[in-house]
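For reference, the structure is listed below as structure tokens.
In this chain, residues are counted from 1 in sequence order.
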Amino acid sequence: MDDGAAIEITVLGSLHEIDAADWDACAVEGEGRPLDPFTTHRFLLALEDSGSVGTGTGWSPRHLVARTDGIVIAVMPLYAKGHSQGEYIFDHNWCHAYERAGGRYYPKLQAAVPFTPATGRRLLTRPGWEDMGRIALLQGAVQLTSENRLSSLHVTFCTEDEYEAGGRIGLLQRVGQQFHWENHGYADFDGFLSALSSRKRKNIRKERARAQDFGGMIHCFTGDKIETEHWEAFWQFYQDTGARKWGTPYLTRRFFDIAQDRLRDDILLVLAEREGHWVAGAMNLIGAETLYGRYWGCVEDHPCLHFELCYYQAIDYAIANGMDRVEAGAQGEHKLARGYLPSPVYSLHWLAEESFQKAVGDYLEAERNTVDEEIEILTSYGPFRNTKGEA
């Protein structure tokens, strides 16, 4: 690495403009399964090729690439956004305030994985180029925002290290929270239950028994075990959930066809079958250390089946495969009673209007204090045995 090397930043309108090997040299850490399946070239390109992002979606690719001497040293998944949907770190109030003051909030720039509230690196660097690559990407993104007279830049669900790096160069820092399950070396699900208070153990056992009594069987599929019929069923589940939550599902039907072709080794499908029909399912992405719960849906309602497919089957899989944690997506304090504890999530923001930047900065400082207190309080209400050795 040459600390004095000149770094060139280019903007890509599509991931087809960069070789997968060059992108993944920055995005994939180590050998084998990626730590973060969402920032791989294959996953992000599947969003583009399926039409889930691109023309008409409000997510226009503007990916950044940093090169020195022709070598790709860092990349950033970046999008011009025409709205604030599918982000999960919400800035709707900022938009309203900005536009009431006479500004135009959209388009803005968003460094993120679309529709994916999962923490991961957003400043993807080739090993050995971490410090220079991060700064080059952040400065390049701010410059791109400024030169195009856009309102703002947002780097969402970044890592804590990236959060600190962005703060050091003047980006605003925001903290939120999600609920994650941590594996403390449990041998099996009963081992996990043994760490809980007696009442919580009993409640979870009752929920699992009720779920298993839905009149059918639960199946887990990954890799070549996933078949076209499973995606046909899951598309129905996904449409139902998407229609109720967002009005229109974010992912297109084509995405699931591409997932079968290119992503099936990264995916765990948990499906419930009753009387020869698939009635409910959950889709997870598999990282090297973390199982990421992403989508759930059903065509029949059965008590506790949602908890079983989304939370307990995920814990079973993580324990069986020696994974460190399960991230079950955004929101949901109901996860607390099921062993998922609050964890901080991080984002960075830069607003072109100086007075607006200051006002939002003051708000975020107060918000951080509130979130810290909330995490502490919620953790104290968790299901785990207290230090006095409650059985």
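Checked against a 6.0 Å centroid threshold, the rings of Y340 and H180 do not count as neighbours. The six-membered or imidazole ring of F307 lies away from that of Y312, with a centre-to-centre distance of 6.0 Å or more. F192 and H184 have their aromatic ring centers separated by at least 6.0 angstrom.
Residues N183 and R325 fail the side-chain proximity criterion, which asks for heavy atoms closer than 4.5 Å. A 4.5 Å side-chain heavy-atom check between T159 and L123 finds every atom pair outside the cut-off.
Atom CG of D266 sits about 12.5 Å away from atom CG of N284, to the nearest 0.5 Å. With rounding to the nearest 0.5 Å, the separation of SG in C220 from CD in Q313 is 4.5 Å. Here the CG atom belonging to D316 is positioned 9.0 Å from the CG atom belonging to D188, to the nearest 0.5 angstrom. Atoms NE2 and CG, on H154 and L172 in that order, are 10.0 Å from each other to the nearest 0.5 Å. How far OG1 of T156 is from OH of Y346: 15.0 Å, rounded to the nearest 0.5 Å. The structure places CG of D265 at 8.5 Å from CD1 of I226, a figure rounded to the nearest 0.5 Å.
Using a 4.0 Å cut-off between charged nitrogen and carboxylate oxygen, R210 and E308 do not count as a salt-bridge pair. Between R121 and E162, no side-chain nitrogen of the basic residue sits less than 4.0 Å from a carboxylate oxygen of the acidic one, so the salt-bridge criterion is not met. Using a 4.0 Å cut-off between a side-chain N of Lys or Arg and a carboxylate O of Asp or Glu, D22 and R67 do not qualify as a salt bridge. Note on K358 versus D362: salt bridge recorded, some NZ/NE/NH1/NH2 to OD/OE distance being below 4.0 Å. Residues E87 and K108 are paired through a salt bridge, judged by an N-O separation under 4.0 Å between the basic side chain and the carboxylate. Between E300 and R274 there is a salt bridge, with a side-chain nitrogen of the basic residue lying less than 4.0 Å from a carboxylate oxygen of the acidic one. The pair E232-R253 counts as a salt bridge, with a side-chain nitrogen and a carboxylate oxygen less than 4.0 angstrom apart.
D301 and H306 share no side-chain donor-acceptor pair at under 3.5 Å. Judged purely by distance below 3.5 Å, without hydrogens or angles, the side chains of Y363 and N93 never pair a donor atom with an acceptor atom.
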Pair Y105-D91, side chain to side chain donor-acceptor pair (under 3.5 Å): steps then yes or no: CA-CA 10 Å; Y105 195 70; D91 62 349; 2.7 Å; yes
side-chain contact (heavy atoms from CB on, under 4.5 Å) assessment of Y311 paired with H334: CA-CA 11 Å; Y311 308 139; H334 60 279; 2.8 Å; yes
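By the neighbour-count criterion of 12 heavy atoms within 6.0 Å, atom CZ of R33 is densely surrounded, having more than that number from other residues, nucleotides or ligands. For E229, the CD atom counts as densely surrounded, since its 6.0 Å shell holds more than 12 non-hydrogen atoms of other residues, nucleotides or ligands.
Because its NZ or CZ atom is not both nearer than 6.0 Å to the ring centre of F189 and within 45° of the ring axis, R205 does not count as a cation-pi partner of that residue.
Results of the ring-ring contact (aromatic ring centres under 6.0 Å, His included) test with F256 over Y295, F237, Y238 single out Y238 as the only residue that passes.
Heavy atoms only, all atoms of each residue included: A318 and V326 are closest at CB-CG2, 3.7 Å. Taking both residues in full, the closest heavy atoms of L44 and P114 are given as CD2-CD, 4.4 Å, listed atom of the first, atom of the second, then distance.
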